[in-house]
Amino acid sequence: MKPVIDILDERIGAAMAKAAGGVRGAAMVRPATDPKFGDYQVNGVMPLAKKVQTDPRTVAELIIRTLKINDICEKPEIAGPGFINLRLKANFVADRLLEINADSQKRLGVEKTTQPKTIVVDFSGPNIAKQMHVGHLRSTIIGDCICRLLEFQGHDVKRQNHIGDWGTQFGMLCALFDKILLEAPRGEAINRDETLADIEEFYRQAQSLYKNNEEFARTAHVAVVGLHTGDGPWVTYWKGIVKTTTKHFREVYDRLCVTLKDEHIRGESFYKDMLSDIVAELKKKKLAEESDGAVCVFPEGFKNKEGQPLPFIIQKSDGAYLYATTDLAALRYRVQELKADRIIYVTDARQSLHFQMLFKVAALAGWAKPDMLIHIAFGSVLGENGKPLRTREGENVKLKDLLTEAVERAKAVVEEKNPDLPPERKDEIARAVGIGAVKYADFSNNRTSDYVFSFNKMLAMDGNTAPYMQYAYARIKSIERKGKDRGIDVEEEQSKVEKANLTEPAELDLAKHLVRYVEAIGAAAVDYRPNYLTAYLYELAQKFSAFYTNCPVLDAGADKRPTRLLLCDLTAKTIKHGLSELLGIEVVEQM
RNA sequence: GCGCCCGUAGCUCAGUAGGAUAGAGCGUCGGUUUCCUAAACCGAAGGUCGCAGGUUCGAAUCCUGCCGGGCGUACCA
C-alpha cells in the first residue's frame with residue numbers, strides 16, 4: 001500500500017508541472033497544521049508561483065483544474081496566501097481501513113523499502129567488570145528502537161555491541177584474581193561463580209592495591225602484557241570476568257525488552273590485532289604524524305584552546321592505542337567485512353567532537369564516505385536537581401536498581417487501582433508498566449535534549465506516558481472480552497465488513513489516523529527520532545478515547561457494530577505494534 | 001578563546017527540508033459516571049517562541065550580533 005501522502009504528492013506534483021509549463025517545484029504535501037484545513041495541505045504552490053512570477057492563488061486554481069484526485073479527496077480548497085487544502089473522502093478512508101485489515105503480512109499496510117541497505121548500528125556499549133548504569137540507558141533503548149524501525153522498513157540491520165572489554169584496567173583485575181588464587185588455601189580454587197558485585201568489589205580492591213603496592217603493580221603490568229600475548233593464566237581470568245559481566249548485560253537487556261543478544265557483542269578486544277595496522281596505514285598515507293611523542297592525525301578544521309590544530313590521537317607516547325584507534329579499526333571492519341552501507345553510532349552528545357574527527361579521518365583514509373557515517377547523539381538523563389542523575393551518595397544509578405524501583409512503583413499503583421487481580425497478573429502488569437514507563441518517557445522526549453528523570457511523571461495515567469497507552473490498549477481488549485461474554489463473535493463480525501461505515505466524526509477521525517501509521521514510522525526512521533512515533537501513538541490513543549466515549553461499540557446497531565469492532569481491533573493492533581514491535585514496550589490485556 | 005547543543009505557557013516538554021490563529025501534559029478553575037475499565041473524557045484561563053537586527057509573499061524554524069545555560073576542546077572512553 002502506497003502511503004496516502006505519497007500518492008497526493010505525486011498527483012499534485014504532476015498537476016503542478018502542467019500548471020507551471022515545465023517549471024519544476026516540489027509539491028510539499030504536509031499534514032494539515034489545523035484540522036479545520038482538512039487532512040493535508042499543499043505548501044509548494046507559493047514557491048512555484050514565485051518562480052513563474054504569478055499570483056499564488058491563480059497558480060493554485062490552475063493546479064486544481066488539472067488535478068485528478070476526486071477518488072481520494074473532497075474538492076480541494078484554496079486558502080490563505082495560496083495553500084491547497086485536501087480532505088480525505090470517508091469512502092477512501094474506509095477502503096484503506098479494509099486494506100490494512102486484510103494485510104496478509106501483518107504489517108498494517110506498511111510496505112518494505114524498495115532499497116534495502118546494510119546498516120550497522122553501534123549502541124549500548126557497556127563496560128566489562130561494571131554494572132550497567134543509567135548512562136547506558138539511552139544508547140541501549142534508542143539504539144534498539146532505531147534497529148527495530150530500520151528492520152521493519154526492510155533494511156538489513158547489523159547490531160554491534162561495542163563493549164569495553166579491553167584495556168589496562170583488566171591487567172589490574174587479572175592480577176588480583178591471581179593473588180586471590182595464590183593466597184587461597186590449598187585445594188580451594190577461585191570461585192568460578194563469582195557475581196558481578198564480587199567483580200566490582202575486586203575492581204575497587206585492585207585499584208587501591210595498584211596505587212599502594214609496587215609488587216602488585218608489577219604483576220598488573222605482567223598481566224597486561226600476558227593478555228596481549230596470550231601467555232599465562234591471564235586470558236583465562238579475563239574470559240571469566242567477561243562471562244560474568246555479559247550474563248549481567250543479558251539480564252538487563254531481557255528486562256528492557258531490548259533485542260541485543262550475545263552474538264551482537266563485538267567488543268574492543270576484537271579489534272586489538274588490527275590496531276597497529278591502522279596506525280601503520282595512516283602513517284603510510286601520510287595522514288598520521290608524530291607529535292609530542294604521540295601518533296596523531298590532524299584533520300582540517302579542528303582547533304584546540306590555543307587555536308592550534310587539534311590532534312586525533314591514535315597512539316599514545318607510551319605506545320598504547322586509544323579508543324580513537326579502536327573506533328577506526330571497527331569502522332574499517334564494518335565497511336570492509338560487514339559490508340555496511342551506513343554506520344550509525346548511538347552515543348551521548350558529549351562525544352560528538354570525537355565522531356566528527358573520526359568520520360573525517362575515516363574519509364581521509366578512504367575507508368568510508370562521509371555521508372554513510374552518522375552520529376545519533378542524545379542528551380543526558382538528569383535528576384530533579386537538573387544535574388546528571390546520581391544516587392544520594394553521588395554514584396551512578398545502577399540500571400538494575402532503577403528498573404526495580406520503576407516496577408515496584410508500578411506495582412503499588414496496580415495494587416491501589418485493581419486490588420482484586422490475581423497476584424501473578426499484578427506482577428505482569430507492574431513489569432510492563434514500570435519498564436515501559438522508563439522507556440516511553442525516554443522515547444517521548446526529544447532525543448537531543450537532556451531530560452529530567454521523574455518516576456511520578458512517567459508513571460502518570462494522564463498525558464503522553466506508557467501507562468496511558470497501555471490503558472488504552474487494555475480497554476480495547478476489555479471490549480473484546482465483554483463482547484465474547486455476550487456471545488458476540490468479534491472476529492467473525494469484523495471480518496465480514498465489506499464497507500466500513502464511518503459516519504460519526506470520532507469514527508472518521510480515528511480511522512484517518514490509523515491510515516497514517518506509515519507516516520509516523522517514516523518520520524521517526526528518517527530522523528532517528530522515536531518521539532515522532534510516541535507522538536503518533538499518543539494521538540491515536542486520544543482519538544480512540546474520544547471514539548470510546550462517543551461511540552458505544554457492543555451496544556451499537558447491526559449497521560454500526562462491525563465497523564466499530566474493526567476500528568477497535570485495528571487501533572489495538574497499531575498500538576501493540578508501535579509499542580511492542582517498534583519501541584520494545586510490552587502491552588497487557590488488562591490493567 | 002574556539003566548537004557543538006540548547007533557551008517555547010507557572011512547571012515539564014512537542015513543534016517532521018520556512019507555512020495559515022505556536023500545541024500537549026502537569027498544575028489552576030469549571031463540567032461529565034444508572035452506559036464497553038473515571039488509570040478516562042469535555043471545557044476555560046494561561047505566550048513579546050531569550051533579546052536585537054537581517055533574508056522573503058511568509059520565520060519558533062534560516063543568517064548575523066548580543067544575553068543566559070549545558071557539553072566538549074592532546075595522549076580516559
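Naming convention: chains lettered A, B, ... in sequence-line order (proteins, then strands); numbering from 1 in each chain.
Listed by chain and number, the residues in a side-chain contact (heavy atoms from CB on, under 4.5 Å) with A:Asp292 amount to none (sequence neighbours excluded). Evaluation of the side-chain contact (heavy atoms from CB on, under 4.5 Å) rule for A:Lys51 yields A:Val23 as partners, not counting sequence neighbours. Partners of A:Glu586 by side-chain contact (heavy atoms from CB on, under 4.5 Å), not counting sequence neighbours, listed by chain and number: A:Cys257, A:Arg431, A:Ala432. A:Arg447 meets the salt bridge (Lys or Arg N to Asp or Glu O under 4.0 Å) test with no other residue; sequence neighbours excluded.
Looking at which nucleotide of RNA chain B each of A:Leu421 and A:Phe298 is closest to, the 5′-most match is held by A:Leu421.
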Using a 3.5 Å cut-off and no angle test, enumerate the donor-acceptor pairs between side-chain atoms of residues 34-45 of chain A and protein atoms at least two apart in sequence or in another chain.
{"residue": "A:Asp34", "atom": "OD1", "partner": "A:Lys36", "partner atom": "N", "Å": "3.0"}
{"residue": "A:Asp39", "atom": "OD1", "partner": "A:Lys512", "partner atom": "NZ", "Å": "3.2"}
{"residue": "A:Asp39", "atom": "OD2", "partner": "A:Leu88", "partner atom": "N", "Å": "2.7"}
{"residue": "A:Asp39", "atom": "OD2", "partner": "A:Lys512", "partner atom": "NZ", "Å": "2.8"}
{"residue": "A:Tyr40", "atom": "OH", "partner": "A:Glu519", "partner atom": "OE2", "Å": "2.5"}
{"residue": "A:Gln41", "atom": "OE1", "partner": "A:Thr33", "partner atom": "N", "Å": "3.2"}
{"residue": "A:Gln41", "atom": "OE1", "partner": "A:Thr33", "partner atom": "OG1", "Å": "3.4"}
{"residue": "A:Gln41", "atom": "NE2", "partner": "A:Asn43", "partner atom": "OD1", "Å": "3.0"}

Show me the donor-acceptor pairs within less than 3.5 Å that the side chains of residues 531-541 of chain A make with the rest of the protein, sequence neighbours left out.
{"residue": "A:Thr534", "atom": "OG1", "partner": "A:Asn531", "partner atom": "O", "Å": "3.0"}
{"residue": "A:Tyr536", "atom": "OH", "partner": "A:His513", "partner atom": "O", "Å": "2.7"}
{"residue": "A:Tyr538", "atom": "OH", "partner": "A:Gln542", "partner atom": "NE2", "Å": "3.2"}

Determine all donor-acceptor pairs shorter than 3.5 Å in which one atom belongs to a side chain in residues 293-306 of chain A; sequence neighbours excluded.
{"residue": "A:Asn304", "atom": "OD1", "partner": "A:Glu306", "partner atom": "N", "Å": "2.9"}
{"residue": "A:Asn304", "atom": "OD1", "partner": "A:Gly307", "partner atom": "N", "Å": "3.1"}
{"residue": "A:Asn304", "atom": "OD1", "partner": "A:Gln308", "partner atom": "N", "Å": "2.9"}

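For the OP1/OP2 pair of B:rC41 and a distance below 4.0 Å, the side-chain nitrogens and oxygens of A:Tyr468 include at least one atom meeting the criterion. Not one side-chain nitrogen or oxygen of A:Asn43 sits closer than 4.0 Å to the OP1 or OP2 atom of B:rG18. One finds a side-chain N or O of A:Lys316 lying less than 4.0 angstrom from the OP1 or OP2 phosphate oxygen of B:rC76.
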| said: For nucleotides 27-36 of chain B, give me one character per nucleotide, 5' to 3': B if any protein heavy atom sits under 4.0 Å from the base, S if the only such contacts are to the sugar-phosphate, - if neither. | reply: ---------B
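For RNA chain B, none of the residues of residues 437-444 of chain A falls under the heavy-atom distance limit of 4.0 Å. Taking every heavy atom of residues 288-295 of chain A and every atom of RNA chain B, pairs under 4.0 Å involve A:Ser291, A:Asp292, A:Ala294, by number.
Among B:rC41, B:rA38, B:rC75, the nucleotide with an atom closest to any side-chain atom of A:Tyr471 is B:rA38. The side chain of A:Met46 lies closest to B:rG19 when the candidates are B:rA39, B:rG19, B:rC75. Between B:rG19, B:rA74, B:rG15, one nucleotide has an atom nearer to the side chain of A:Phe83 than all others, and that is B:rG19.
Each ring-ring contact (aromatic ring centres under 6.0 Å, His included) pair with one or both residues in residues 303-325 of chain A, not counting sequence neighbours, appears once here: A:Phe312-A:His354, A:Tyr323-A:His354.
If you take CZ of A:Phe455 and P of B:rU12, they are 19 Å apart, rounded to a whole angstrom.
In this structure, A:Lys130 NZ and A:Asn396 CG are separated by 9.0 Å, a value rounded to the nearest 0.5 Å.
Stem list for RNA chain B (at least 3 consecutive Watson-Crick or G-U pairs, distances under 3.5 Å): B:1-7 with B:67-73, B:10-13 with B:23-26, B:28-32 with B:40-44, B:50-54 with B:62-66.
Between A:Phe270 and A:Tyr333, a ring centre-to-centre spacing shorter than 6.0 Å is recorded.
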